[in-house]
Amino acid sequence: MYRTIYNGELRISDINKEVELVGWVAKKRNLGSLTFIDLRDRTGICQIVFKENDLEFASKLRNEYVIHVFGKVIERESKNKNLPTGDVEVLVSKCEVITTSETTPLIIADETDALEDTRLKYRYLDLRRPIMQKKLFERAKITKTMRNFLDDEGFIEVETPVLGKSTPEGARDYLVPSRVHPGEFYALPQSPQLFKQLLMIAGFEKYYQVARCFRDEDLRADRQLDFTQVDIETSFMSEQEIRRMTEKMLYKVMKEVKGIEIKIPFNEMTWQEAMDRFGSDKPDVRFGYELNDLSDIFKNSEFKVFKECLINNGLIKGIVIDNQASMSRKDIDKVTELAKKYGAKGLVVLKFINNNFEGSAAKFISELEKEALVNKLNLKEQDVLFIVSDKFNVVSDVLGFLRCYFAKEKGLIKPNTFAFLWVIDFPLLEWNDEDNRYYAKHHPFTLPKMEDLPLLDTDPGKVRASAYDVVLNGYELGGGSLRIYDPKLQEKMFEVLGFSEQQIKDNFGFFVDAFKYGTPPHGGLALGLDRVAMILTGSDSLRDVIAFPKNASAKCPMSDAPSKVSDKQLKELHIKITD
RNA sequence: GGUCUUGUGGUGUAGUGGUUAACAUGUCUCCCUGUCACGGAGAAGAUCGCGGGUUCGAUCCCCGUCAAGACCGCCA
C-alpha cells in the first residue's frame, strides 16, 4: 500500500491521524531548520514539513521527484486560506524517494511559461499541470453524463469498424493499405454514418457510439485529424422528437458538469434566417450586430460599385457598429484587409458623425439614400456602417465575420455564457462551380422536405432538407438529419448528384441492397465531443481537451508521427514511394 | 495550395549594422524556524533556427530553407 489518503483531501478533521502519502514534489521552500514541500497528486496539493533529523533528507529532494511520505497530520501554525488543505500539514516522520526527476522543460503549474510546441513535445508533463487534468476530468464527466442519459433512454452502444470502405463524397479519407489484397485500401471512417443506418435496418431502433472519426484535411484550432463524435441514430422518431431528446441530454450535461440550468427547448432558426440575419449557418447569438439588406435603398444608386453589383444579381448589406467612429485610417485598412480575406472586393465604411456620413464613399450616397439609411438602421452618433456589395455568399461571409470580429474587439463576449440554438431547414444540395454539379450539403442520404420534393426536378438548389445543426456560441456542436428510407427516393437523389449506376453499385451497393428489406424511418445526429468539451472548459483550442493531439501541421511533436517506415514494411504492403 | 506572424541561455521574452547580448523564471551553492509566487547572497548556463548574400564587420538588412502559430482554400 502506498497511501492512506489523497493529498488534496486532507482537512482539519484529519488532525492527529498517522497518514501515508505519495505524490510529486511540486515546490520546496527551505527556511533553514525547517523545510516545506508541496506534495501534488491528481486531487491537489498538501504541505508536508521536515524538521530536525529529516532536514538533510529534505535537502536532497528536487522538483518532480516521486516520494512516499509517512507522517502525522497537524494543524498549521499559519494557515493558507487559498488552499482547500490549507488548515493542515503533515509532519514527516519518514520519507522515501520512489523515483527522481530531471529538471523539467516546462513549469508544472496552471500558469506555465512554455509555448504550445514545447507543451506538446513533453505532453506527459503538460498533462501533469492541474488545469490540464481538470479539463480532462471534465471531458470525461461530459462523456459519462451523455452515456448515462442515453443508457437511461434505452439506447444501445454498438461499436462499428474502424477499417472500412472509402466513399467518394465528403472529406478526404485516411487510407490504410491492405497487405492481403495488393493495391486495395481500407478507409478510416469520417463518421459511422452507413453503419448506424444499417443498425436501424437491423432493428436496434436506438443506437449510440462514442466514435472516433478521421478526416484528412488541414487542421485548425477547432479541428483535428481524428476526433470524437457522440453518434446517435433512432428509428420511428420525428425531427422534433430527436431535437427535444438532444436538448434534454445537453441540459443534463450543462447541469451536471457546469451546474448551469439552460433554457430548453432551444431557440430555432431556419438556415435562411441565420444566413440573412447573421451571415453564418452557425451564428453566435450572444450579441447583435445583425446584417441589414440595403439593396432596396440603393436600387437607384449612382455609385458604380453598388450599381454593378445589383445588375449582376448581387446584393448590398451592412452592419452597424456602435461607438466606432473613432477608428483611424489604419484601423479601417486593417478591417478592409480582413474583409478581403473573406472574399470581399472592397468594404464601404461610413462613419455617422454630426448627423452626416463621413468616409471615402460618402460622396456617392445621395441625400435620399442617407435619410433612408438613418431611418432603416436607426443610426446614432458615432455609429459606423460597414457595407459589402457582392454575391450572397461573399456578403454573408464577410459581414458574418465582421460582426464577430467587432464583438470580440469590444469585449461583448462574456465568459461562461452559453447560447444554444438550432439551425434547421438546411438546403439539401449545394452547387459546385468547379465540378459543375450539385453536392449533398449534409450527405447523400438526407431526407428532403416532403413539400419540396417537386423542386427536385425543377430547381434542386431550392430543396430544403430535414437537416438540423445544434449551435453553441458560434460553434457547430453537431448536426443531424432524417434519412431517406424509400429506395426510390434514394435512387432519385443519386441521380440528382450525378452518380452513374456503376458508381452507385461500387460505392454504396451493399447499402442500397439493405434498403430493400424493410427499412424503418430513421434519423439521428452526431455531436462533436471535443468541441463540447472545449467550450465547456473555456478553452481556446481543441488541443486543450485532447490528451495527445496533433499540431497544426498534422504532426505529433512528442512521438514525431507520422514517420517513415522500413522498406520491408512497404514491400509487404505493395507500396512504392515515388517522390 | 495561399496569406500573415514568429524563431535569441532549460523555459518565456527584450534588444542592437560594431555590445561583456539584457530581463524574468528555472537550475546549482551558501545563509535563514512558519513559508506557501518564501526571503537574502553568489554562480553556472546562448555557436541569437539553418544555408547563402550585401558589408571592413550581420543576431540585426536581403534571398532561400526548415520549424511553429493564426487564418483563407479545404473540412458532405
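A, B, ... follow the sequence lines: proteins, then strands. Residue 1 opens every chain. Here the structure is a predicted model, which means the values were calculated and not measured.
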Legend entry - Side chain of A:Asp117 (C-beta onward), nearest among B:G10, B:A68, B:G34: B:A68

Inset, instruction - Let me know the distance between CD of A:Glu52 and C1' of B:G34, rounded to the nearest Å. - result: 14 Å

Legend entry - Atom C1', compared across B:A24 and B:G34: separation rounded to whole Å: 27 Å

Legend entry - Ring centres under 6.0 angstrom apart (A:Phe508, A:Phe494): yes

Inset, instruction - Provide the distance between the two P atoms, one in B:A70 and one in B:G51, to the nearest whole Å. - result: 28 Å

Inset, instruction - State whether a side-chain donor-acceptor pair under 3.5 Å links A:Arg29 with A:Gln47. - result: yes

Legend entry - P atoms of B:U47 and B:A21, separation to the nearest Å: 13 Å

Inset, instruction - Between A:Ala440 and A:Leu120, name the one whose nearest nucleotide on RNA chain B is closer to the 5' end. - result: A:Leu120

Legend entry - Sugar-phosphate, base or nothing in reach of A:Ser78, heavy atoms under 4.0 Å: base

Legend entry - Strand partner of B:U11, provided both Watson-Crick or wobble distances fall under 3.5 Å: B:A24

Inset, instruction - Please tell me which of A:Lys51 and A:Arg543 maps to the more 5' nucleotide of RNA chain B, matching each residue to the nucleotide holding its nearest heavy atom. - result: A:Lys51

Legend entry - Separation of the P atoms in B:G9 and B:A22, to the nearest angstrom: 13 Å

Inset, instruction - Check whether any side-chain nitrogen or oxygen of A:Lys27 sits under 4.0 Å from OP1 or OP2 of B:G26, and answer yes or no. - result: yes

Inset, instruction - Please work out if A:Ala221 contacts a base, only the sugar-phosphate, or nothing of the nucleic acid, heavy-atom cut-off 4.0 Å. - result: sugar-phosphate

Inset, instruction - Remember a base hit wins even if backbone is also touched, and classify A:Asn80 as base, sugar-phosphate or nothing at under 4.0 Å, heavy atoms. - result: base

Legend entry - is_close_aromatic(A:Phe386, A:Phe406), centroid dist under 6.0 Å: yes

Legend entry - Length of the CG-P vector between A:Asn63 and B:C38, whole Å: 10 Å

Legend entry - Sugar-phosphate only, base, or nothing, as touched by A:Ser553 at under 4.0 Å among non-hydrogen atoms: sugar-phosphate

Inset, instruction - Classify the side chain of A:Asp218 versus the base of B:G73 as yes if they form a donor-acceptor pair under 3.5 Å and no if they do not. - result: yes

Inset, instruction - Classify the nucleic acid contact of A:Leu115 as base, sugar-phosphate or nothing, counting any heavy atom under 4.0 Å across all strands shown. - result: sugar-phosphate

Legend entry - Distance below 4.0 Å between A:Thr104 side-chain N/O and B:G10 OP1 or OP2: no

Legend entry - Opposite nucleotide pairing with B:U47, Watson-Crick or G-U, both atom distances under 3.5 Å: none

Inset, instruction - Would you mind reading off the distance between A:Leu106 atom CG and B:U27 atom P, rounded to a whole angstrom? - result: 13 Å

Legend entry - Presence of A:Arg76 side-chain N/O under 4.0 Å of B:C36 phosphate oxygens OP1/OP2: no

Legend entry - Between B:C72 (C1') and A:Glu217 (CD): distance, integer Å: 14 Å

Inset, instruction - Specify the separation, in whole Å, of atom CG of A:Asp560 and atom C1' of B:C66. - result: 14 Å

Inset, instruction - Could you verify whether a donor N or O on one side chain and an acceptor N or O on the other, from A:Ser539 and A:Lys135, lie under 3.5 Å apart? - result: yes

Inset, instruction - State which of B:G26, B:U11, B:C72 makes the closest approach to the side chain of A:Arg220. - result: B:C72

Legend entry - Pairing partner of B:G17 (Watson-Crick or G-U wobble, both distances under 3.5 Å): none

Inset, instruction - Using both distances under 3.5 Å as the test, list the Watson-Crick or G-U wobble partner of B:U3, or none. - result: B:A70

Legend entry - Whole-Å distance separating the CG atom of A:Asn82 from the P atom of B:A37: 7 Å

Legend entry - Rounded distance in Å - CG (A:Asn30) to C1' (B:G34): 13 Å

Legend entry - Any A:Arg29 side-chain nitrogen or oxygen under 4.0 Å from OP1 or OP2 of B:C38: yes

Inset, instruction - Indicate yes or no for a side-chain donor-acceptor contact from A:Arg464 to the backbone of A:Lys449 under 3.5 Å, with no hydrogens or angles considered. - result: no

Inset, instruction - If B:C61 has a Watson-Crick or G-U wobble mate with both distances under 3.5 Å, name it; if not, just say none. - result: B:G53

Inset, instruction - Record whether the side chain of A:Glu89 comes under 3.5 Å of the base of B:G34 through a donor-acceptor pair of N or O atoms. - result: yes

Inset, instruction - Provide the distance between the two P atoms, one in B:U65 and one in B:G1, to the nearest whole Å. - result: 13 Å

Inset, instruction - Counting Watson-Crick and G-U wobble pairs only, both distances under 3.5 Å, name the nucleotide matched with B:U29, or none. - result: B:A41

Legend entry - Expected output: side-chain A:Asp110 to main-chain A:Ile131 donor-acceptor under 3.5 Å: yes

Legend entry - Check: A:Arg11 side chain, A:Gly8 main-chain N or O, donor-acceptor pair, under 3.5 Å: yes

Inset, instruction - Have a look at A:Lys79 and say if it touches a base, only the backbone sugar-phosphate, or nothing, with a 4.0 Å heavy-atom cut-off. - result: base

Legend entry - Cationic N near anionic O, under 4.0 Å, A:Arg76 to A:Asp87: no

Inset, instruction - Using a 4.0 Å heavy-atom cut-off across all strands, classify A:Phe36 as base, sugar-phosphate, or nothing. - result: base

Inset, instruction - Tell me which nucleotide among B:C72, B:G12, B:G34 gets nearest to the side chain of A:Glu77. - result: B:G34

Inset, instruction - Pick the P atom in B:U27 and in B:A37, then give their distance to the nearest Å. - result: 16 Å

Legend entry - Among B:G12, B:U33, B:C75, the one nearest A:Arg223 by side-chain distance: B:C75

Legend entry - Pairwise C1' distance, B:G40 and B:G57 [rounded to whole Å]: 44 Å

Inset, instruction - May I have the distance from A:Arg119 (atom CZ) to B:U11 (atom P), rounded to whole angstrom? - result: 15 Å

Inset, instruction - Tell me what A:Ser33 touches on the nucleic acid: a base, only sugar-phosphate, or nothing, going by heavy atoms under 4.0 Å. - result: base

Legend entry - Pairwise C1' distance for B:U55 and B:G17, with rounding to whole Å: 9 Å

Inset, instruction - Pick base, sugar-phosphate or nothing for A:Ser541, based on heavy-atom distances below 4.0 Å to the nucleic acid. - result: nothing

Legend entry - Exercise: identify the closest heavy-atom pair between A:Ile319 and A:Leu399: CG1-CD2, 4.1 Å

